[in-house]
> 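So that we are looking at the same thing, I have put the structure below in C-alpha cells.
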Amino acid sequence: RVLSRHGRDPHALVQILRETQALMGWLPRSLLSAMARELKLTLAHVEGVAGFYRFFHTRPMGRLRVLFSDNITDRMLGSEALMADLCARLGIKPGQVSADGRVSVDQTSCTGLCDQGPALLVNHHHVITRLDAPRVAQLAELIRAEVPVPQWPADWFAIDHNIRRADVLLGMPLAPGAAIAAALARGAQAMLDDMKRSNLRGRGGAGFAAGLKWELCRNATGSIPGTAPGSTHYVVCNADEGEPGTFKDRVLLARHADEVFEGMTVAALVIGARQGLLYLRGEYRYLLEHLQAVLQRRRDQNLLGSAILGRAGFDFDIAIHVGAGAYVCGEESALIESLEGKRGTPRIRPPFPVEQGYLGQPTIVNNVETFCAASHIAAQGGAWWAGIGTHQSTGTKIHSVSGDCERPGLYEYPFGTRIDQILEDCGARDTQAVQVGGPSGVCLSAFEFDRRIAFEDVPSAGAFMVFDCTRDMFEVARNFAHFFAHESCGFCTPCRVGTALVVKRLDKLANATGGGRGSRHDLDVLFELDLLLHGTTHCGLGASACNPLRDTIIKFRPAYERRLESLHFEPGFDLDAELSIARRMTGRDDPAAHLEISP
Ligand code: SF4
C-alpha cells in the first residue's frame, strides 16, 4: 500500500521507509529486502539509507519510543534528571528496550521546543512539553498501564507560539492570494527585479541574496540535454530547522503557512517551476496534517494547481516531504539528496543547486522565513522591504529566544537591533553570554552586548540562547561538541574523526567523566583541531563545529582553566582501563605491567 501510494518511485525511498515504519514499528531486513526488489534498488542502498537517519530503526525499539530533547537549554531545565527518573520508574537504561518490548527511552538532538522545555517526542509524532517531576511520574504510570497515547492528558501536547514581539512577518498577516495576485500583476521579470531591489538575504544562515539566487535558477537550463529553460525547475522550501535553539520556523509553519506557500508560489512564477517541495524536519511531523490541510484549502481557492488565479499556463503545486532526524539535511545539497531518497550527504559543489539541484534540474532552496518574507515583498514591494533594517541587512529577523530569561519565545525586530535590547525585552538578568545563531554561530560575552544583529555585525540564523552568570560555559561548549560529533554524517574524515577527538578531549577535561586530568596541552590540541576542521571539511557542519569551543576558550577561559590539573601533558588514554577486559579474559595480570599515573 505504501509503495503504491508513491508509485514505486525510488526517489520516494525516505518517505516509503518512514511510512512503513509508522505501520510496522521498525524496519526488519526482510522488509528492506522486499522494498529493494520492488523499487529496483540494491539492498545495500536501501539499508544504507535506513541506517543513515536517526528516526529509522532496523531493530525493534519498543512499541513506544520516548526521545528526550537534549539541547543545552533542555539540560538547564533539568531534562537529564527527568530522563533518569523515567528510566528508573520503567526499570530500563537509556537506549535500552524494556524486556516486554513495550518502551525505550533515549535522547535526541534539539526538538525545537526550547521555549517550553524540557520536551520529549513519543514515536516521533507526539510532543510533550514542559516536563516536570509529577508529569514524568504520571507518564511512567500511563506507559506501564499501556494507555494509548491519544488518551494521555490533552494539555501535555499543547504547543504555545510564544510570540513576544511581532513585526512584519509575525504581525502583518497577508490575505491568501494577495502576494500571488500582486506578483501576477507585475509579471515574472518585474517581480524578480523587485526581489533584487528588496536586497532580501536568505535567512538560513549564509545570507545569500535571494533575488540573485532566483535569477541564477531562472536562467539555468538544467542537466538534461534539450531541456527548455524553466520547464523543469523546482522550488524547495527548507523547513529542516535543526539548529539547536531555533524554533521560529515551527511557529511560521503553524501560524503563517499561507505566507510560506505564497512565497514559494511567487518564486515558481519567477523561475517557471511547476513543482514545489517542502522538506519538513522529522521532529515537526506533528505539523504535517495542518500543512496538508492548508495546501488543500489553497488548491480549493485556486491558489495552487492549474491556472492559478485564472492565469493560463501558471501551474504549480507543492508536496511535503518529511525528514527523519538528520541535522546535516539542513545543508541544501544534503537536503536535495534526501528528497531524492538517498542518504543526506552534502554534494560536491559546483554545480550548485540553482544549476543542478533536485533530479539534476535547476532548483532554488530557501528557508521558511525567506519565503515568508518574499510573500510580503510581493505584496508591498521591494523598496518598502529595503527601507526596513540596515543597508546590508534589509527587513526584519525573527529570533528564537531561550535559556535564562523570564519570557522565552519569538522576538521579531528590524535588522540592526542591539543584543542588549533583546536581552532587556526578554527579561534576561545577570547575563554572562549569548549564543547567537545556534552552536554553529557566535558566543558573545557581556562586553559585546552593544553589538547589533545584522550580516555586517552579528549574523544570525535565528537562535538566541541566553546564559546567566551561574552557568558553566565549558559545559555549554561540551554539549555543542557532542551535538556536532553526533550529527556528523561521516562522509569526510576530518569531520568524522575531528569532532570525535574534540569530544574526547573535552570529556577528558570534564571532571565527571575524564578524571580531571586536563592540561594546557589539551587546550592547544583543541585549537589545532579547530584549525583542521575549518580548513579541510566538506561542508559547513564540520567547518563550524569548533566555533563555540573557540569562542568560549577565548572569552570564558577560567571555565577551562579550573579543569587543568597541570601545565604539562597529561595522558587522556587510560591504558590500564583499556587492558582490563583482556586481563580478565585471559586471567593474566602482571603487576609490573601496570602504568603508573603520576601523582
Ligand atoms: Fe558530513 Fe561533516 Fe563532512 Fe559535512 S563536514 S560532509 S557533516 S562528515
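One-based numbering, in listed order, for ligands and for the atoms of each. The analysis underlying the following values was restricted to heavy atoms, covering all of them including side chains, and did not include hydrogens, waters or symmetry mates.
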> Are Phe261 and Leu291 side-chain neighbours, meaning at least one heavy-atom pair lies under 4.5 Å?
yes

> Flag the pair Ile419 / Arg452 as yes when at least one side-chain heavy-atom distance between them is below 4.5 Å, and no otherwise.
no

> Looking at Glu243, Glu487, Arg281, which one forms a side chain to side chain donor-acceptor pair (under 3.5 Å) with Tyr327?
Glu243

> Measure distances from atom 2 (Fe) of ligand 1 and count the protein N, O or S atoms below 2.8 Å.
1

> Drop me the distance from Leu131's CG to Leu120's CG, to the nearest 0.5 angstrom.
4.5 Å

> Any heavy-atom pair between the side chains of Asp522 and Leu506 that's under 4.5 Å?
no

> Verify whether one side chain among His321 and Arg18 offers a donor that lies under 3.5 Å from an acceptor in the other.
no

